Amino acid sequence: MSQISDNLEQIRKRIDEAAKKSGRTGKDITLVAVTKTHPPEAINEAIDCGVTDIGENKVQEIMEKYDKVKPVRWHLIGHLQTNKVKYIIDKVYMIHSVDSIHLMDEIERQAEKHNIVMKILIQVNISGEESKFGISPDEIDEMLNHAETLHHVKVCGLMTIMPIVNNNVSNRLHFVNIKKIYIDISEKKYNNITMDYLSMGMSGDFEMAISEGSNMVRIGSAIFGERKYI
């Protein structure tokens with residue numbers, strides 16, 4: 001068994017255990033394997049082990065790897081500049097990092113050109129860290145109301161990134177708070193919005209995230225090891 005295969009087996013067990021504690025099963029949790037800086041060979045190995053969704057932080061990496069990777073659902077999970085939307089609009093399954101109406105409008109424009117509906121997540125800066133991208137909770141309603149006017153963009157949930165801390169217990173309140181927001185939105189009636197995904201949790205905190213309601217986790221180093229720098 002290869003290291004990637006072994007790591008995936010362990011991650012899936014941990015996901016399943018965390019899901020059971022929150023009254024769900026591992027099948028309820030979407031695993032996005034984060035492959036930034038890792039080569040196509042490693043990605044294809046993960047796909048052979050059953051990975052169906054991969055996440056990249058940079059448009060350039062998607063462009064470089066796209067034709068070398070087996071069929072898979074690509075997720076753009078890093079900050080996205082409006083002038084780069086056109087390069088990945090027909091390649092990715094979902095864009096996680098939508099943090100402005102301006103970006104949403106550009107995704108709409110490019111998706112219309114390709115006659116597709118792009119699934120997006122609204123990135124929320126729930127911790128208020130200045131170094132983090134994402135909108136504040138106070139801006140969510142404005143973003144959602146604008147999304148209701150679009151035809152080629154579909155909001156499918158929320159995404160957040162937690163602060164890096166020595167003790168993840170201090171992040172639990174952030175997980176709890178965004179879950180409350182997620183539930184509040186879910187209870188409202190929208191035409192173009194479905195709260196299918198609450199994307200939170202990475203290699204160091206995904207079990208806590210799942211315990212607090214995440215149903216999509218983004219895991220990289222725990223699967224592929226440390227990032228490769230070329």
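Note: hydrogens, waters and symmetry copies are ignored here, and every other heavy atom, side chains too, is used. In this text, all values refer to a predicted model and were calculated from it rather than measured experimentally.
For the residue pair T194/D196, the side-chain donor-acceptor check at 3.5 Å is satisfied. Looking at N115 and H152, their side chains never bring a donor and an acceptor atom within 3.5 Å of each other. Side-chain atoms of E129 and N125 form no donor-acceptor pair, as typed in the model, at a separation below 3.5 Å.
Pairs of residues two or more places apart, or lying in two chains, that qualify as salt bridge (charged side-chain N to carboxylate O under 4.0 Å, His left out) and include a residue from residues 181-193 are D141-K188. Screening residues 210-225 for salt bridge (charged side-chain N to carboxylate O under 4.0 Å, His left out) gives R172-E212 as the qualifying pairs, with residues at least two apart or on separate chains. Sorted by first and then second residue, the salt bridge (charged side-chain N to carboxylate O under 4.0 Å, His left out) pairs involving residues 70-91 (not counting sequence neighbours) are D48-K70, D53-R73.
Counting only heavy atoms from C-beta outward, the side chains of I178 and K180 never approach each other to under 4.5 Å.
M162 and I77 are not part of a single hydrophobic cluster, where members link through side-chain heavy atoms under 4.5 Å apart.
Of all non-hydrogen atoms in I193 and A147, the two that sit nearest each other are CD1-CB, 4.4 Å. Residues S214 and I29 share a closest heavy-atom pair of O-CD1, 3.5 Å.
Applying the under-4.5 Å side-chain rule to Ile, Leu, Val, Met, Phe, Trp and Tyr, the cluster around Y93 extends to V32, M94, L121, M159, I161, Y197, M202, M216. Through direct or relayed side-chain contacts under 4.5 Å between Ile, Leu, Val, Met, Phe, Trp and Tyr, V117 connects to no other residue.
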How far apart are the C-alpha atoms of R109 and E106, what are their side-chain angles, what is the distance that settles it, and do they pass the salt bridge (Lys or Arg N to Asp or Glu O under 4.0 Å) test?
-> CA-CA 5 Å; R109 192 169 75 86; E106 180 61 15; 3.1 Å; yes
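K65 and E56 are joined by a salt bridge, as a carboxylate oxygen and a charged side-chain nitrogen come within less than 4.0 angstrom of each other. For E9 and K13, the salt-bridge test passes: some basic side-chain N is under 4.0 Å from an acidic carboxylate O. Taking the charged nitrogens against the carboxylate oxygens, D16 and K20 do have a contact shorter than 4.0 Å, which makes a salt bridge.
Taking the ring pair (Phe, Tyr, Trp, His ring centres under 6.0 Å) definition, one finds that Y190 meets it with nothing, sequence neighbours left out.
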